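Quick note: numbers below take in every heavy atom, side chains included, and nothing from hydrogens, waters or symmetry partners. This is a predicted model, so every value here is computed, not measured.
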Amino acid sequence: MTNTHTVYLALGSNLGNRHETIARAIRKIGVLIGDVVRQSTLIETEPWGFGSENKFVNGCICVTTDLSPRELLQMTQLIERELGRTEKSSEGVYHDRTIDIDILLYDDLTVDEPDLKIPHPLMKERDFVMIPLREIQK
């Protein structure tokens, strides 16, 4: 029997049909990652960490999965690419994006690797993450 893990993901979009892109991402997560068991209200927010005239739509979901943290990262990045994300933020440089999927929490696990940090190191600084996350956390 496989172990089922509880993960929390943050989703954001500030280009194109933001609500539809997030809905498509959640559907793909349900197919490729696991069961989406809770979903927050979507909120509209100002960009964080960079200037843009395009506001974000943000939300969080809780998913049960049998994927490892590394497999989860690979799947979220695949979904981002499938939905039109062409580049990842790096070295603190952020930009407009069709979709952003961040791993916030994975059970009670801590991961500290160059390209994968769980819990997400900046989530507590971001109201656009913490407000929807608190809404769905048990």
Flag the pair [X] / [Y] as yes when at least one side-chain heavy-atom distance between them is below 4.5 Å, and no otherwise.
| X | Y | answer |
| --- | --- | --- |
| V7 | L105 | no |
| D102 | R126 | yes |
| L104 | C60 | yes |
| I61 | Y8 | no |
| D66 | N3 | no |
| L109 | P69 | yes |
| E44 | R18 | yes |
| H120 | V129 | no |

Indicate yes or no for a side-chain donor-acceptor contact from T4 to the backbone of T65 under 3.5 Å, with no hydrogens or angles considered. no

Heavy-atom donor-acceptor pair, S13 side chain to T98 backbone, under 3.5 Å: yes

What closest approach, in Å, do [X] and [Y] show between heavy atoms, and which atom pair accounts for it?
| X | Y | value |
| --- | --- | --- |
| F56 | G12 | CD2-C, 4.1 Å |
| M130 | M123 | CG-O, 3.1 Å |
| R38 | I136 | NE-O, 2.5 Å |
| I33 | M75 | CG1-CB, 3.7 Å |
| K55 | N14 | O-CB, 3.2 Å |
| F128 | P132 | O-CG, 3.1 Å |

Any chance you could measure [X], atom [atom1], to [Y], atom [atom2], to the nearest 0.5 Å?
| X | Y | atom1 | atom2 | answer |
| --- | --- | --- | --- | --- |
| S40 | R134 | OG | CZ | 12.5 Å |
| S52 | E46 | OG | CD | 9.0 Å |
| E80 | T76 | CD | OG1 | 5.5 Å |
| R97 | T21 | CZ | OG1 | 13.5 Å |
| L122 | K117 | CG | NZ | 10.5 Å |

side-chain contact (heavy atoms from CB on, under 4.5 Å) assessment of I118 paired with T110: CA-CA 5 Å; I118 302 172; T110 298; over 6 Å; no

Sole candidate of I101, L42, N17, D100 that passes side chain to side chain contact (heavy atoms under 4.5 Å, CB included) when paired with I22: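 Going through the options one by one, the only one that passes is L42.
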
Just do the side chain to side chain donor-acceptor pair (under 3.5 Å) check on N58 and T45 with the steps written out, would you? CA-CA 7 Å; N58 293 98; T45 63; 2.6 Å; yes

Looking at E20 and R27, is any side-chain nitrogen of the basic one under 4.0 Å from a carboxylate oxygen of the acidic one? yes

Taking D115 first and then R70, would you say they form a salt bridge - that is, a charged N and a carboxylate O separated by under 4.0 Å? yes

Hydrophobic cluster membership, with links at side-chain heavy-atom distances under 4.5 Å among I/L/V/M/F/W/Y: are [X] and [Y] in one?
| X | Y | result |
| --- | --- | --- |
| V57 | L15 | no |
| I26 | L67 | yes |
| V37 | V63 | no |

Could you check L72 against Y106 for side-chain contact (heavy atoms from CB on, under 4.5 Å), going step by step and ending with a plain yes or no? CA-CA 10 Å; L72 177 60; Y106 183 107; 3.9 Å; yes

For [X], look at atom [atom1] and say whether over 12 heavy atoms of other residues, nucleotides or ligands are found less than 6.0 Å away.
| X | atom1 | answer |
| --- | --- | --- |
| D108 | CG | no |
| K124 | NZ | no |
| E113 | CD | yes |

Test side-chain contact (heavy atoms from CB on, under 4.5 Å) applied to I29 and I79, step by step: CA-CA 8 Å; I29 288 165; I79 293 166; 3.7 Å; yes

